[in-house]
Every structure is written in C-alpha cells, then in structure tokens.
Amino acid sequence: MPSGDAILFAQLPGQTVTDLNSHLRERLLAAIADLQLPAEAAGMVRLDPPRNRDHGDVALGAFQLAKLAKQPPPKFAAELAEKIEADDVIESAVATGPFINFKFRRAAMAQQVLTAIQTEAAPYGNAAANDQVVCIDFSSPNIAKPFHIGHMRSTVLGNALCRIHRHLGATVHGINHLGDWGMPFAKMMTAYMHFGDEAKLHESAMRHMFELYKQFEGEAQKNPDLLQEAADHFKNLESGEDNVERRMWQMLRDESLKAFQGPYSRLGVTFDHITGESFFEDKMDDAMKRVEAAGVLEESEGAQVVTLKEFGIKVPCLLRKRDGTTLYHTRDLAAAFYREREFSPTRILYIVGSEQKLHFAQLKGVLEKMKEPVANAVEHVPFGLVLSKSPEGKWEKFASRSGNAVFLDEILDQAVAKVRGVIAEKNPDLEDPDAVAEHVGVSAIVFNDLKNGRIKDVKFDWDAMLAFEGETGPYVQYACARLSSILRKVDMPVPGVESIDFALLADAERVLLTMMDFATAVQRAADQSEPSIVTNYTIALAGEIHSYLADHYVVGAESAVRDARLVLVDAARRLLTTGLGLLGIKAPERM
RNA sequence: GCGCCCGUAGCUCAGUUGGAUAGAGCAUCGCUUUCCUAAAGCGAAGGUCGCAGGUUCGAAUCCUGCCGGGCGUACCA
C-alpha cells in the first residue's frame, strides 16, 4: 500500500521535480549520505506537519538520527539543517532545538498544488487502477425491521469507504448483505400470518412491518409458542420446497426491498451487489462440506461447531443448530467462500456494529483454522452504537423493541424542513429552494454521522443533528456555494495554471498547505477504514478558504491577482467537491 | 466472573501511530456587512488529558493496576 507522500504529482512541463515532500526527502537523503550515516538512517527521515504551523510547513524531529550520529539532537539538527540549502522549492531549513523546520517557496507550493488540482492529477483526481480488490459488506439491514437511525451508520460509512477506495484506484465491490433469512424473517412471517393486513402493507410496508414487529415481540412474551411456531416456519422455509413459507417469504422480501429503496435513493447510496443471506441458501451445504473436509467440525450438544480455543476465543462457533437449520455464521462463511471465488479480494471489509466483534473474530478464526487464505482478507470494521437519552438523562441503547426507534425518514424530513426555513430567511430568491433544501438537509445528517470516529457511540441528539453552524455539513457546503458564486460573478473562464503568477498567492499559504494534506487524509482514511478523517479534512479546508475569502477579494482585484485567486478559488471548490464526494455528498452550486 | 471498547474544556469531539506551548465546534462574552452568500470571519474566556505507578531524552498516546461507563459472553442477527 503506497504511503501518502509517495504519491506522485503530475510532472510540470520543463520540470523534473515531483511532489514537494519527495523533493525535500531526496535532499535530506543526500545530506544524510554526505554525513556518512549508516543506511538505516534513511528510514528515520520522517516528515510530519509541525503541531504549530507557525514553525514551518513540515518538520523533522532529529532524535533518532542524532543518536545514530552519536551527537546531541540540537547539535545534529543544526548541522543537518546547514546542509539543506535553499533551492527552487525549498525556502528555508531552520533548526530549532532538536527539530528542523522546513518552509517551501510559496510560489512553488502554489504551482505544484494548484496545477495538480486543476489537471485532476492524483491524489486530487482518481488514481490509476491498482491491483487492490476491496469487497465492502455494508448497510446489510434486517429487512424485516424498519430502517431507523441505527441502520444509517453502516450504510453511510460503507458508502464512503467504497468511494474512498475507488478514488485510490482499487476495484471495489459494494455489497448489501441483506438480512433476508433466518429467525428474524421467520418471526416477521409468523407475525404477518397472525396479524398482517395486506392493504396496510402495500400502503407503507416499513411502518406496517414495524407495527408487526412490535406486536410480535409483545405477544411472544405472553405466548412463547409463537417463537416455536416461527422456528418451525423457518425450518419449512429452509427445506427448499415450494410451500406457504416460501411464497410468504418472497412476498415480504419484495415489499421490504421496495420500501428500502426510499432511504437508499435519498441518501444517494447504491450497491454493486445485493446478495442477501438468502442468496447463500443453496451454498451453505458446500460450505459445511468444506469445513468438514478441513477436519475442524465437531459435534457438541447435538449441534455442529468449530472450537476456537487455540485462537483465544472461548466460545465455539456454531454452524448448525440441533434442529438442523443454519445460522448467521453459516451464511457468512458461505459468503466468504463465494466472494473469494468471484472477486479474489485483497480485503473484505464488514461494516458492522462493534457489538458483533466476537462474531467476526469467530468467522476469521474458523477460516484460519481451516487454513483458508481468505482469512487474511476478512476484516471487521466496527462502529459504535446509537444511543438515545432516557427521560432520566442517561444515554442508553436505542431499543426498537420498546418502540422508540426513530425512522430515518423522519429525521431527514425534519432536517430538510429546517433547511427550507433557513433558506426562506437568508436566501429567499434562491431558485428551486425545495430541491436545495432536500439535498442540504439530507447531507447535514450524513455529514453529522461521518464526523466522529466510527468507534465512538453516537449520541442521538436532535439539536446536534439539526445544527447548521460550525463543524457541520452545511458549513462545508456553504463554502462550496460561496466559491461557486464567486466563479459566477467574475463571469470569465478560470485561467489555466500556465498563465498564473503564483508568487501572488503567498498570502494563501494556509489554504495551500491544507490542500497539500489531502493525500495523507484520504490514504489514512482508507488504511484505517475511517471516513471521519476525510470529513474533518473538508471542515479544515472549508475553514481555511472561508477565512481567506474574508479579506481577499477576487472580483474587482487587479487582473493578475484576480486570475491567481480565481485559480485558487476554483481549486478549493474542486477539492471540496471531491472531498464531499468521497463521503457521498454533493457540493451545491447555490444554497 | 471472563473478554473487548470508551474516558481529553460546561457540552460534542480532533489530536497524522511516542515529539515543540494539548486543538476545534457548540454554548457564554465582545467585535466585523457602502464590496464576490454573515449558514461566515476575528477575538476573549474555558484543561491535573479518569486516578496511581512504570517504560525513556520525551507520554493524552506504550505497559501494569485501579475507578467509572458501555458492549459481548453457542442453538438470534
């Protein structure tokens, strides 16, 4: 996997310099060779952004190198800094204590970054295809339950990860591993047989099924026979025969799937494959045979299991129940084999809540015990729960059982309505305000969900969800709208980079430096499966450009300055559009 | 009980894998619009990084032990 700073920028005409950082690195390596340090020194040249950017653009802590040189770090730093002379790219190298702070020439920086952005060279545009194949198993809702706020996380995280990996050149298979099999579906079926209403189902499948879900849970408490009935229905369903259960399953599945299209299209989420658990119905026998052939299957209390003690997992992995039916594990195992055969993935990411950590540890453990190479690709990407505030003010898990689930549609509608109000107040002349409100409102919710580290629990809070100021989706989108507005107002095409005097952009150094951080942000997001790194990047860039625009006018500026700033504004808009695009959010022209 | 995760400003969170004076947003207080969208910008105030040890030139970050919260712990997914 290439590291961020190894990604090459497009070469400029007549120039051999590639990326600023790699240029600096080369100079440093040459200097180190000059100082006759051992070969391992090369690995110690780590350039990081300084904590405080007033120090410089990038910094090198010379601790390890100094040790190698058998010198006190400050002395060594001074000596090394001395060796780095200014050139076309490097403005200065200054030792302060054990650190060396480097500054790039502003004109060179502007030229490199803005040229790369304008020509859509990687990392700003899509990278050339590489040999990475990434399967992303995401959203995967239990379609017998309503699509509520809890389902949004996997959907939105997975969608962003698909886009991030594609941007980096990977072949991506976005897979919706629908929960359309197993006991939950059998329960829904049973509920429908007892309490269902066809008219209501057609009117709003999701609401009706939610009612049925609640009713079933309530009734089952009083009458445990219902659970047995559901188990029997599942057994009949899994028999493979064309029976009542199968027809009922097909009907309910079709209705739910139709209903789920609503939230998916509003969120702008698409899948490359919709292969639910039922898809693996006829592939589980082969999977079980393969487990058996590997000699790892054991019998325990009438069920078939794989023990995983040697992997430090105390709970055996259960693959077939006493009544002969299969489980979640069985289907995930069959799915792993299927994906291996069809896609030859280098990574399979499962975007599933952290409460299922054990499940995926077991899945990986079984594959490892079988000595299946695909085990190495299996990677659980866990995320935190959605918590709601109880009347006592404590944060607790959303309990859809008690019926306090919040439908995603409701949340989106509220956000859209609020945005509509803001538009009426701030921009009453806006064309097609309803479409803009829909877009900005939905984006606000998505952005909010992608802002914090995924492992953290999300505290569901209407005020935070509907906040449009500060670090929010609308804040970033507003920056895009302002930039677009400027581009419209100047009423001329954006000049090509070859005609620009980049020295005029020295006052935009903070914007330019932030632009340079894009590559590492995207790479880290992919490596760590952490879209929030990109989200926070867009906030940072929007902040810098907002701040810059406050006292740097484009329209009305002297023509050379105007042209240079125009290129900057256009680049910022492009980069924000790309960044938001990686999150599955579109940048509005107006809002 | 055991395993895993989380604990940073009043609130919600960053902190680029161990580096320099721990950063944002919200809320509070003040300022900025004859000029490209004020959903914005600038400033003030706000901290014993849960607690205690340890590792080393250096720890919010790594190790150990506590405390607090959460999740999981085979016939659900």
Side-chain angles (χ1 to χ4, degrees), chain A residues 4 48-52 55 59 61 63 66-67 72-73 96-99 101 140 142 145 179 181-185 187 231 277 300-305 312-323 325 327-329 331-332 352-359 361-362 382 384-385 387 394-397 419 422-423 425-427 430 440 451-453 455-457 459 461 463-464 467-472 474-475 477-479 481-490 517 520-521 523-524 528 532-533 536 539-540 542-543 546-557 569 590-591:
Chain A
D48 294 308
R51 191 173 285 251
N52 183 344
H55 288 132
F63 302 94
K67 201 170 187 178
T96 41
F99 295 93
N101 294 307
S140 309
N142 222 305
K145 293 182 190 174
W181 204 247
M183 278 302 283
F185 220 89
K187 285 184 191 173
E277 293 186 65
S300 171
E301 297 171 32
Q304 295 182 319
V305 306
I313 301 169
K314 287 184 183 142
V315 192
C317 180
L318 187 60
L319 290 174
R320 202 185 281 283
K321 292 188 264 188
R322 226 181 331 233
D323 70 0
T325 56
L327 294 108
Y328 185 25
H329 272 123
R331 295 184 278 279
D332 259 341
V352 181
S354 58
E355 67 271 26
Q356 292 194 38
K357 265 197 148 169
L358 177 61
H359 168 81
Q362 288 175 317
L385 300 161
L387 306 177
K394 273 190 69 177
W395 288 106
E396 53 190 33
K397 192 177 175 176
V419 171
V422 176
I423 290 173
E425 183 196 329
K426 309 209 185 229
N427 198 355
L430 185 67
V440 173
K451 191 171 64 135
N452 295 340
I455 205 67
K456 298 243 172 165
D457 289 342
K459 289 154 187 160
D461 176 2
D463 291 340
F468 299 149
E469 283 163 24
E471 298 172 336
T472 64
Y475 174 83
Q477 292 190 311
Y478 179 65
R482 280 184 75 185
L483 294 165
S484 299
S485 170
I486 292 170
L487 294 169
R488 280 194 301 273
K489 286 262 158 68
V490 290
D517 291 339
T520 21
Q523 190 61 53
R524 285 175 57 225
Q528 300 171 27
S532 68
I533 295 172
N536 285 302
I539 292 171
H546 263 140
S547 184
Y548 180 78
L549 291 178
D551 43 26
H552 296 86
Y553 278 77
V554 179
V555 177
V569 162
R590 295 181 167 86
M591 65 185 269

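Numbered from 1 within each chain, the chains take letters A, B, ... in sequence-line order.
Base-pair partner of C11(B): G25(B) (Watson-Crick or G-U wobble, both distances under 3.5 Å). Remark: U17(B) base-pairs with no nucleotide in the shown strands. Criterion, Watson-Crick or G-U wobble with two distances under 3.5 Å. Base pairing of C4(B): its partner is G70(B), meeting the Watson-Crick or G-U wobble criterion (both donor-acceptor distances under 3.5 Å). Base pairing analysis places G53(B) opposite C63(B); the two distances defining the Watson-Crick or G-U wobble pair are each below 3.5 Å. With both pairing distances under 3.5 Å, A40(B) is matched to U32(B) as a Watson-Crick or G-U wobble pair. In this entry U48(B) has no Watson-Crick or G-U wobble partner, no candidate having both defining distances under 3.5 Å.
Using a 4.5 Å heavy-atom threshold, the side chains of Tyr478(A) and Lys426(A) count as separate. Side-chain contact between His359(A) and Asp332(A) is present, with at least one heavy-atom pair separated by less than 4.5 Å. Contact of the His55(A) side chain with the Phe99(A) side chain is not registered, since no non-hydrogen atoms from C-beta on lie closer than 4.5 Å.
Interface remark: the Gln362(A) side chain does not form any donor-acceptor pair with the A74(B) base, using a distance-only criterion of under 3.5 Å. For a distance-only test at 3.5 Å, the side chain of Gln528(A) qualifies as a donor-acceptor partner of the base of U17(B). Interface remark: the Ser300(A) side chain does form a donor-acceptor pair with the A74(B) base, using a distance-only criterion of under 3.5 Å. Judged by distance alone, with hydrogens and angles left aside, Asn101(A) brings a side-chain donor or acceptor within reach of the base of A20(B), the pair sitting under 3.5 Å.
The nucleotide whose nearest atom lies closest to any side-chain atom of His55(A) is, among C13(B), A20(B), A77(B), A20(B). The side chain of Leu327(A) lies closest to C76(B) when the candidates are U73(B), A20(B), C76(B). Among C71(B), A39(B), C35(B), the nucleotide with an atom closest to any side-chain atom of Leu385(A) is C71(B). Among the nucleotides A39(B), G41(B), C75(B), the one closest to any side-chain atom of Ala550(A) is G41(B). Nearest to the side-chain atoms of Asp457(A) among the listed nucleotides A24(B), G70(B), A74(B) stands G70(B). Distance from the side chain of Glu355(A) is smallest for C71(B) among the nucleotides A39(B), A20(B), C71(B). Distances were taken from every side-chain heavy atom of Leu549(A) (C-beta onward) to each of U17(B), C76(B), C36(B); the shortest belongs to C36(B). You'll find that the side chain of Ile455(A) is closest to C5(B), out of C76(B), G19(B), C5(B). For Leu358(A), whose side chain is taken as the heavy atoms from C-beta onward, the closest listed nucleotide among A77(B), U12(B), U73(B) is U73(B). Of the candidate nucleotides A39(B), A20(B), A74(B), A74(B) has the atom nearest to the side chain of Val315(A).
Within the 3.5 Å criterion, the main-chain N or O of Tyr475(A) finds a donor-acceptor partner in the side chain of Thr472(A). The backbone N or O of Val315(A) sits less than 3.5 Å from a side-chain atom of Gln362(A), completing a donor-acceptor pair. The closest donor-acceptor contact from the side chain of Asn427(A) to the backbone of Ile423(A) lies at 3.5 Å or more, if one exists at all.
Taking each heavy atom of Ala521(A) and Ile533(A) in turn, the nearest pair found is O-CG2, 3.4 Å. Nearest approach of Ala361(A) to Ile313(A), heavy atoms of both residues: O-CD1, 3.5 Å. Contact between Met183(A) and Lys321(A) at its shortest, heavy atoms only, is CG-NZ, 4.1 Å. In terms of heavy-atom proximity, Asp457(A) sits nearest to Gly384(A) at OD1-CA, 3.4 Å.
The distance between atom CZ of Arg320(A) and atom C1' of C76(B), rounded to the nearest whole Å, is 17 Å. Look at OH on Tyr548(A): it is 16 Å from P on G41(B), rounded to the nearest Å. Atom CG in Asp463(A) sits roughly 11 Å away from atom P in A27(B) (whole-Å rounding). Taking atom CD on Gln356(A) and atom P on C5(B), their separation rounds to 17 Å, with Å as the unit. One can place NZ of Lys451(A) at 15 Å from C1' of G15(B), the figure rounded to the nearest angstrom. The CZ-P distance, from Phe468(A) to A40(B), rounds to 12 Å in whole Å. Straight-line distance from the CZ atom of Phe63(A) to the C1' atom of A20(B): 8 Å, rounded to whole Å. Whole-Å rounding puts the Arg51(A) CZ to A14(B) P distance at 16 Å.
Dashed line: the shortest gap from a side-chain N or O of Arg322(A) to OP1 or OP2 of A74(B) is not under 4.0 Å. Taking only side-chain nitrogens and oxygens, Ser547(A) comes nearer than 4.0 Å to OP1 or OP2 of C42(B). A close approach under 4.0 Å does occur between a side-chain nitrogen or oxygen of Lys456(A) and OP1 or OP2 of A14(B). Regarding contacts with the backbone of C76(B), a side-chain N or O of Lys321(A) is found under 4.0 angstrom from either OP1 or OP2. Side-chain N/O atoms of Tyr475(A) include none lying less than 4.0 angstrom from OP1 or OP2 on A24(B). Taking side-chain N and O atoms only, Arg482(A) has a distance below 4.0 Å to OP1 or OP2 of A38(B). Residue Lys459(A) has a polar side-chain atom (N or O) positioned under 4.0 Å from OP1 or OP2 of C13(B). A sub-4.0 Å separation between OP1 or OP2 of A39(B) and a side-chain N or O of Tyr478(A) is present.
When each of Leu487(A) and Pro50(A) is assigned the nucleotide of RNA chain B with its nearest heavy atom, Pro50(A) is the one assigned upstream, toward the 5' end. Both Lys357(A) and Val440(A) sit near RNA chain B, but only Lys357(A) has its closest nucleotide nearer the 5' end.
Taking syn as a glycosidic angle within 90° of 0, U17(B) qualifies as syn.
Residue-nucleotide stacking is not present for Tyr328(A) and C76(B), judged by a side-chain ring centre under 5.5 Å from the six-membered base ring centre and planes under 30° apart.
With C1' as the reference atom, C67(B) and C31(B) are 45 Å apart, rounded to whole Å. A distance of about 48 Å separates the C1' atoms of A44(B) and G3(B), rounded to the whole Å. Nucleotides C66(B) and A27(B) place their P atoms 42 Å apart, quoted to the nearest Å. Rounded to whole Å, the separation between the C1' atoms of C76(B) and G15(B) comes to 39 Å. A distance of about 8 Å separates the P atoms of C49(B) and A60(B), rounded to the whole Å. With P as the reference atom, C11(B) and C51(B) are 15 Å apart, rounded to whole Å. Between the C1' atoms of U64(B) and G46(B), the separation comes to 34 Å (whole Å). Nucleotides U32(B) and A38(B) have their P atoms positioned 16 Å apart, rounded to a whole Å.
Gly182(A) comes within 4.0 angstrom of sugar-phosphate atoms only, judged by non-hydrogen atoms across all strands, and of no base. Base engagement by Ala481(A) is indicated by at least one non-hydrogen atom pair under 4.0 Å involving a base atom. Among the heavy atoms of the strands lying under 4.0 Å from Pro49(A) is at least one base atom, whether or not backbone atoms are also near.
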